[in-house]
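A short write-up of the structure that comes next.
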Amino acid sequence: MKKNIILTFAAAALLAVGTSSCVGDLNVTPIDPNTQLPEDVLNSQDAYNQLLAKCYQGLACSASDGPDSDPDISGVNGGYGQYIRAMFHMEVLSTDEAVCCWNDQTLFDIHNLCWSTSDTFVAAAYYRVFFQVGLCNEFIRRASGAEIEGFTKKDQFIAEARALRLLSYYHAIDLFGNVPFFTEENSVGSEGPVQISRADLFEWMEKEAKDLLSSSSALPAAGKSEYGRIDQGAVQMILAKLYLNAEVWAGQNRYADCAQLAKTIMGEYELHSEYLDLFSADNHLFTKNTTYNGDEIIFVVPQDGYNIRSYGATNYIIFASTGGKMDVNAMGISSGWGGLSLTPQFVDLFEAGDKRANFYTGYGKNIDQINKFDPEDWEGGYKSMKFRNVNHDGTPAQYSSFVDTDFPVFRVADAYLMLAECAKRSAASEAEGLEALNAIRRRAGVAEKSSYTLQDVLDERGRELYHELVRRQDLIRFGQFTTSEYLWAWKGGVKEGKAVDSKYNLYPLTSSDVNANGNLEQNEGYK
């Protein structure tokens, strides 16, 4: 069983942002009105550690008690509202990486790229992101003002909360662009946060990241945190992602900065020898930290079949990718939910012999319809077996009803491919980029390239990082998300795929928050 910082947390110290409008008023109240107020229990370093655990737990679970009971965010299904699952819907289900045949509310609209300002799944992602920002803000505010004897890790805890907040703002700038902005300096009970432009948020995030990476920072160095806790390696990845997407997010060319940072990260972490080990039930062994001293994975959202249960994260990915005629034992679970398929266009990216193409192919490659689900005749398409609830040596995980497989938020392989892309954009040497690309390909068991194109980089990113919450972002950066340059099954709501309005390069701010907060202006093209 995994050692984990999230296993214990004080119910009396759990906080939630006001749920009628999660970012509209910044009110912070206990989830359970019968529990004690935080000021009654925050009297020791251990108490603050437990409160910080809630900031981590908010990434892993949708509720503080059980996988779905009393979810943190009211009005949103606990499964839909789990952080990683919400990000999966936005970043993966909207692309060629996944189609889901469940007719759950507006789920088809996500893959079809025709969502509205009141979409349930967009709202789930929006509220979950800003719920996390609010939790981290409240921790920073309370910890900064704490004067407790023996609070020796005060600065480190605050730095961790700032880094977790930065992660959520990374998702906010990517998905929503011009967003509500609030920090620990906003007073509780204010009318509502002001809106910050995407470019200004980029500037704030860059400054915040650099401060967390400075020599005076109390945040643990890359690979030097405890298992499950954030460190400077994750912040380096966030900053590199900012630079990689700077042209889209801030109108700046920052590829040279991205390349330099990618090389730094590559010097701190190593590629693990076996790709599929990284998505096994015991993939915590391959996370570089002081607890397990792994190699490739930089930061994870932990899952544990006994202690950390949710209907999101890898539990969702594994169960929803398994169904029909598939062998549930091979996936290490008790029964599959069915639903998720890969589009034929995505499958076609893989070369023969690619170790990363761990697919179930029994239903054929084509997806003729997505609006009907029959458990005995799953609607077509290959099924991903990348994530499994089976240990890397093939032995069973501890439980089959909930998974042990951690979700890898950042891996060093991404830094290799960032360097390859930046080199092709004239921000690093061609030789460096080619070697970085070929290092990824060698591990995958496919032939090395003697030269490569930007399209090769995008395709390699797809093969290497699928289901890891980057595909939409990548397609937008390459101009292929809403355009006709690249079409996939059911893009735009038709089987052969079609271009859609460019407004769908951003999700809308959810309408309830815009209506509640007069400071917010809706993203262009949405009403």
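Because the structure is predicted, anything quoted here is derived from the model rather than measured.
- In summary, D96 and R471 engage in a salt bridge, as defined by a charged side-chain N under 4.0 Å from a carboxylate O.
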Test salt bridge (charged side-chain N to carboxylate O under 4.0 Å, His left out) applied to D304 and R309, step by step: CA-CA 6 Å; D304 183 285; R309 295 179 170 185; over 6 Å; no
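- Side-chain contact check for Y275 and K386: at least one donor-acceptor pair (N or O, by modelled atom type) lies under 3.5 Å.
- The pair K241-D414 counts as a salt bridge, with a side-chain nitrogen and a carboxylate oxygen less than 4.0 angstrom apart.
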task: Could you walk me through whether K491 and E496 pass the salt bridge (charged side-chain N to carboxylate O under 4.0 Å, His left out) test, one step at a time?
output: CA-CA 8 Å; K491 176 180 178 178; E496 63 275 14; over 6 Å; no
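- Panel note: side chain D119, backbone V122; a donor-acceptor pair is recorded below 3.5 Å.
- Using cut-offs of 30° and 60° on the angle between ring planes, the pair H89 and Y316 is perpendicular.
- A centroid separation of less than 6.0 Å is found between the aromatic rings of F88 and H467.
- Remark: aromatic rings of F350 and F359 are close, center separation under 6.0 Å.
- Between the side chains of N178 and R198, not a single donor N or O lies within less than 3.5 Å of an accepting N or O.
- Proximity of the aromatic rings of F176 and Y126 is defined here by a centroid distance below 6.0 angstrom, and this criterion is met.
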field: From CA spacing to verdict: side-chain contact (heavy atoms from CB on, under 4.5 Å), W204, F181
entry: CA-CA 10 Å; W204 179 87; F181 180 72; 3.6 Å; yes
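- Here W488 and F346 keep their ring centres 6.0 angstrom or further from each other.
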task: For the pair W115 and T106, evaluate side-chain contact (heavy atoms from CB on, under 4.5 Å) and give the outcome as yes or no after the intermediate values.
output: CA-CA 8 Å; W115 52 77; T106 58; over 6 Å; no
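- Of the charged side-chain nitrogens involved, none lies within less than 4.0 Å of a carboxylate oxygen, so that R461 and E468 do not count as a salt-bridged pair.
- Looking at every heavy atom in both residues, F279 comes nearest to T405 through O-CG2, 3.4 Å.
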- request: Apply side-chain hydrogen bond (donor to acceptor under 3.5 Å, both in side chains) to the pair D406 and Y227, showing each step before the final yes or no.
  value: CA-CA 11 Å; D406 297 338; Y227 169 70; 2.2 Å; yes
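- Note that CD1 of I476 is 7.5 Å distant from OG of S94, once rounded to the nearest 0.5 Å.
- At distances below 3.5 Å, not a single donor-acceptor pair connects side-chain atoms of D295 with backbone N or O atoms of L271.
- Considering only residues two or more places apart in sequence or on other chains, D174 meets the salt bridge (charged side-chain N to carboxylate O under 4.0 Å, His left out) condition with R472.
- Using a distance-only test at 3.5 Å, with no hydrogens or angles considered, a donor-acceptor pair links the side chain of R128 to the main chain of G81.
- Under the rule for a side chain to side chain contact (heavy atoms under 4.5 Å, CB included), the partners of L276 that lie at least two apart in sequence or sit in another chain are N358.
- In this structure, the separation between NZ on K495 and OG1 on T343 is 13.0 Å, given to the nearest 0.5 Å.
- Electrostatic pairing of E247 and R254 does not count as a salt bridge here, judged by no charged N lying under 4.0 Å from a carboxylate O.
- F410 approaches I238 most closely through the heavy-atom pair CZ-CG1, 3.7 Å.
- For Y127 and S512, the side-chain atoms include at least one donor-acceptor pair closer than 3.5 Å.
- The heavy-atom pair separating S341 from I367 by the smallest distance is CB-CD1, 4.0 Å.
- Counting only distance, with no hydrogens or angles, the side chain of N112 and the backbone of C114 share no donor-acceptor pair below 3.5 Å.
- We find that E274 and R443 are not joined by a salt bridge, their nearest charged nitrogen and carboxylate oxygen being 4.0 Å or further apart.
- Interatomic distance, CD of E206 versus CG of L239, reported as 6.5 Å (0.5 Å rounding).
- To the nearest 0.5 Å, the span separating CG on L417 from CG on D474 amounts to 9.0 Å.
- For the ring pair (Phe, Tyr, Trp, His ring centres under 6.0 Å) test, residues two or more places apart in sequence or in another chain that qualify with Y83 are H171.
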message: Could you go through Y56 and E160, starting from their C-alpha distance and side-chain angles, then the distance that decides it, and tell me whether this counts as side-chain hydrogen bond (donor to acceptor under 3.5 Å, both in side chains)?
response: CA-CA 10 Å; Y56 284 99; E160 288 181 62; 2.4 Å; yes
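- The existence of a salt bridge linking D456 and K424 is excluded, since no basic side-chain nitrogen approaches an acidic carboxylate oxygen closer than 4.0 Å.
- Panel note: side chain Y466, backbone R356; a donor-acceptor pair is recorded below 3.5 Å.
- For D501 and K503, the salt-bridge test fails: no basic side-chain N is under 4.0 Å from an acidic carboxylate O.
- There is no side-chain donor-acceptor pair under 3.5 Å between K383 and T322.
- The neighbour count for Q455 CD, taken as heavy atoms of other residues, nucleotides or ligands under 6.0 Å away, is above 12.
- The pair R463-E460 meets the salt-bridge criterion, with a side-chain N (NZ, NE, NH1 or NH2) lying under 4.0 Å from an Asp/Glu carboxylate O.
- When all heavy atoms are compared, the tightest approach of N283 to L278 is ND2-O, 3.0 Å.
- For the atom pair L59 CG and L164 CG, the distance stands at 6.0 Å (nearest 0.5 Å).
- S197 places a side-chain N or O within donor-acceptor distance of the main-chain N or O of D200, the cut-off being under 3.5 Å.
- A donor-acceptor distance shorter than 3.5 angstrom exists from the side chain of T95 to the backbone of V92, with no hydrogens or angles considered.
- Side chain to side chain, D404 and Y399 fail the donor-acceptor criterion of an N or O pair below 3.5 Å.
- Taking the six-membered ring where the residue is Trp, the centroids of W249 and F202 are separated by 6.0 Å or more.
- Remark: the N315 side chain and the Q303 side chain contain no N/O donor-acceptor pair separated by less than 3.5 Å.
- Across all non-hydrogen atoms, the minimal contact from P408 to F387 is CD-CE2, 3.7 Å.
- Listed for the Y507 side chain is a donor-acceptor partner under 3.5 Å among the backbone atoms of M90.
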query: Going through the checks in order, is the side-chain contact (heavy atoms from CB on, under 4.5 Å) test met by E296 and F286?
result: CA-CA 6 Å; E296 174 157 349; F286 315 115; 5.6 Å; no
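- N137 contributes a side-chain N or O that, together with a main-chain N or O of F182, makes up a donor-acceptor pair within less than 3.5 Å.
- Ring centers of F402 and Y311: under 6.0 Å apart, within the cut-off.
- Taking 4.5 Å as the limit, every side-chain heavy atom of Q195 sits out of range of all side-chain heavy atoms of V179.
- Under the 4.0 Å criterion applied to side-chain N and carboxylate O atoms, E351 and R441 are assigned as salt-bridge partners.
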- request: Go through the steps for T117 and Q522 under the test side-chain contact (heavy atoms from CB on, under 4.5 Å), then give the verdict.
  value: CA-CA 9 Å; T117 59; Q522 185 57 268; 3.6 Å; yes
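- The two residues S310 and G312 come nearest to each other via the heavy atoms OG-N, 3.0 Å.
- Remark: side-chain polar atoms of Q345 are paired, donor with acceptor, to backbone N or O of A489 under 3.5 angstrom.
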